[in-house]
Peer 1: 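Here's a structure for you.
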Amino acid sequence: MSENKYYNIITYGCQMNEHDSERLAGMLEEMGYQHTDELEKADIILLNTCIIRENAELKVFGKLGELKRYKRENPDLIIGIGGCMMQQDEPVDEVYKKYRHVDLIFGTHNIHHLPNLIEKIEETKDRVVEVWDEEEGLIPDLPSQRESEHSAWISIIQGCDNFCTYCIVPYVRGRERSRPVTSIVEEAARLAADGVKEITLLGQNVNSYGNDLEKKSTFSRLLEELNEVDNLKRIRFMTSHPRDFSDELLEKIKNLDKVANHIHLPVQSGSNKVLKEMNRGYTREYYIDRVKNIQAEIPGASVSTDFIVGFPGESEEDFKKTIELVKELKFDMAYTFIYSPRSGTPAARRDDKIEDKVKKERLNRLMELQNRISYEKNQKLIGTTQEILVIGPSNNDPEVYEGRTSTNKICFIDKREDLVGKLVEVKVKSAKSWTLEGSLIE
Ligand code: 5AD
Ligand code: SF4
């Protein structure tokens, strides 16, 4: 291969996708490509797509249109599109027919084939489409080009078996497949030896980790093993499904010193009727009990959640139940989404959809309430001592450094290069809804 070939990857969606992009980057680097931020300089541009809500899809089509000019300027440029959107027939057809400048279409189950697919394009000068319908076992361990030196993602379970009625994920990511414990622990040890201080274990439902393994294991046991890895300082994980969040796991979070005190536990709705129609597998009472248990067992632990507003048939009464639940549980943080019908899911076939105006109005009410609660909770941290892992310059202001507390709150401190990658203690001086400001305790 000739010298100095460049790539750029544009990623949409969740951490899972960001991690897949790190793996795509890892393979490209092994092929001799280097990363560039300048699209005009790139020899290959990949889009890693998301399909979870309609606006994610619209963004991708907009970007594809934009990329046409780079192809016009450099006809040898390879443009590829992969990720969850490409696991569905309609978007694949649309890209193939309407976006003739796209050379490569690939799915979520075959990312490890990227090098072969690129070679095929180079040899044949033809467009290549390879989307596997089904997972063929686990995607093998791949090299990752990590974004951060000190913090890394580790995928522990792929796919999802839950089939929440609004969600497209099980259709595009396939059934649950856990990675063997040894392979995860080895990866964690390798990363720690490489200077990584914090790992985040990724899965659509980490709590069902191990059920499908020949040598059965559980998420709690995996945490126990990871807690023993030398030089690793912090272990995070997401996402937890409330139904599968066990007492045993709570015990581990409490007692294992490296496991961070933050739990992301999506509730989606506070109404039993809506929860049932979403096929979430728990009631409002069960969920409240779980969170209260967490808050009682691990004082100071943070709990974040996801909400969907405007699920088909959601009445004002149902929505008020969500508001009441927020007031009662006082989450540290919440991601709030407007329901977006996804073709192929049961909820999308319902004819009792909620008007856009009503959905937006509910979203605003929920966001306003949550912002206020997050602000009040963070205000209470002023004057306390927090341990933060210093990540580096803040994106918004490079003169200020940024770290995260064990509870996953962003905390700004004065610039100090020697602190990057270190766990340090700070005293919280001020707080907003989403960020803290602290001063180093020396
Ligand atoms: N519409 C809106 N939000 C959705 N989510 C998943 N599917 C949809 C959908 N069709 C949200 C859920 C989930 C988060 C990752 O995305 O809240 O927890
Ligand atoms: Fe989607 Fe439900 Fe699986 Fe989460 S648990 S990925 S919301 S189907």
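Numbering of ligands and ligand atoms starts at 1, following listing order. Quantities reported herein were computed from a predicted structural model and do not represent experimental measurements.
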Peer 1: Y339 heavy atoms, cut-off 4.0 Å: which ligand 1 atoms fall inside?
Peer 2: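 Counting atoms of ligand 1 from 1, those under 4.0 Å from Y339 are 1 (N), 2 (C).
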Peer 1: Which atoms from ligand 1 have a heavy atom of F337 less than 4.0 Å away?
Peer 2: 3 (N), 11 (C), 14 (C), 16 (O), 17 (O)
Peer 1: If we only consider heavy atoms of R280, is any one of them less than 4.0 Å away from an atom in ligand 2?
Peer 2: yes
Peer 1: Taking all heavy atoms of L213 and all of S217, pick out the closest pair and write down the distance.
Peer 2: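 That closest heavy-atom pairing would be CD1-CB, 4.4 Å.
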Peer 1: Quick check on contacts: which atoms of ligand 2 are under 4.0 angstrom from a heavy atom of Y166?
Peer 2: 7 (S)
Peer 1: Just going by heavy-atom distances, which of Q268, E54, R53, K359 is nearest to atom 5 (N) of ligand 1?
Peer 2: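 Nearest heavy atom to atom 5 (N) of ligand 1 lies in R53.
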Peer 1: Starting from atom 1 (Fe) of ligand 2, what is the nearest protein heavy atom, named by residue and atom, and what distance separates them?
Peer 2: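 Scanning the protein heavy atoms, the shortest distance from atom 1 (Fe) of ligand 2 goes to C167 SG, 2.3 Å.
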Peer 1: Over 60° means perpendicular and under 30° means parallel, so classify the ring planes of F331 and Y287, tilted if in between.
Peer 2: tilted
Peer 1: Which atoms from ligand 1 have a heavy atom of R342 less than 4.0 Å away?
Peer 2: 10 (N)
Peer 1: Could you tell me if any non-hydrogen atom of I338 lies under 4.0 Å from any atom of ligand 1?
Peer 2: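 Within the 4.0 Å threshold, so yes.
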Peer 1: Among all protein heavy atoms, pick the one closest to atom 8 (S) of ligand 2 and tell me residue, atom and distance.
Peer 2: C164 N, 3.4 Å
Peer 1: Does E376 CD have over 12 foreign heavy atoms under 6.0 Å away?
Peer 2: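 More than 12 within 6.0 Å, yes.
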Peer 1: What's the shortest heavy-atom distance between F106 and M86, and which atoms?
Peer 2: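 Nearest pair, atom of F106 first, then M86: O-CB, 3.3 Å.
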Peer 1: Numbering the atoms of ligand 2 from 1, which are under 4.0 Å from a heavy atom of F163?
Peer 2: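 Contacts of ligand 2 toward F163, numbered from 1: 8 (S).
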Peer 1: Purely on distance, is any nitrogen or oxygen of S340 under 3.5 Å from one on ligand 1?
Peer 2: yes
Peer 1: Grab the two heavy atoms, one from S220 and one from S246, that are nearest each other, plus how far apart they are.
Peer 2: OG-OG, 4.5 Å
Peer 1: Which protein non-hydrogen atom lies closest to atom 7 (N) of ligand 1, naming both residue and atom, and how far is it?
Peer 2: Y166 CD1, 3.3 Å
Peer 1: Check for me whether the distance between the ring centres of H264 and Y335 falls short of 6.0 Å.
Peer 2: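 For H264 and Y335, the ring centres are under 6.0 Å apart.
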Peer 1: Mind checking whether P170 contacts ligand 2 via backbone (N, CA, C, O), side chain (CB onward), both or neither, at a 4.0 Å heavy-atom cut-off?
Peer 2: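 P170 to ligand 2: side-chain contact only, backbone stays beyond 4.0 Å.
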Peer 1: Looking only at atom types and distance, does a side-chain atom of T435 sit under 3.5 Å from a main-chain N or O of K432, one as donor and one as acceptor?
Peer 2: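 Not confirmed, T435 side chain does not pair with K432 backbone.
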Peer 1: For a distance under 2.8 Å, tell me if C160 has an N/O/S atom near atom 3 (Fe) of ligand 2.
Peer 2: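 Given the 2.8 Å cut-off, C160 counts as a ligand of atom 3 (Fe) of ligand 2.
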Peer 1: Between L201 and V206, what is the shortest heavy-atom contact and its length?
Peer 2: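 Minimum heavy-atom contact is O-CG1, 4.1 Å.
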Peer 1: Please list the nearest protein heavy atom to atom 14 (C) of ligand 1 with its residue and the distance rounded to 0.1 Å.
Peer 2: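 Ranked first by proximity to atom 14 (C) of ligand 1 is D306 OD2, 3.4 Å.
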Peer 1: Any protein heavy-atom neighbour for atom 4 (Fe) of ligand 2 (distance below 4.0 angstrom)?
Peer 2: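 So atom 4 (Fe) of ligand 2 lacks protein heavy-atom neighbours under 4.0 Å.
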Peer 1: Kindly say whether the aromatic ring centers of Y6 and H35 come within a distance under 6.0 Å.
Peer 2: no
Peer 1: Go through K258 and K233 one step at a time and tell me if the side-chain contact (heavy atoms from CB on, under 4.5 Å) criterion holds.
Peer 2: CA-CA 6 Å; K258 295 181 184 171; K233 304 274 186 218; over 6 Å; no
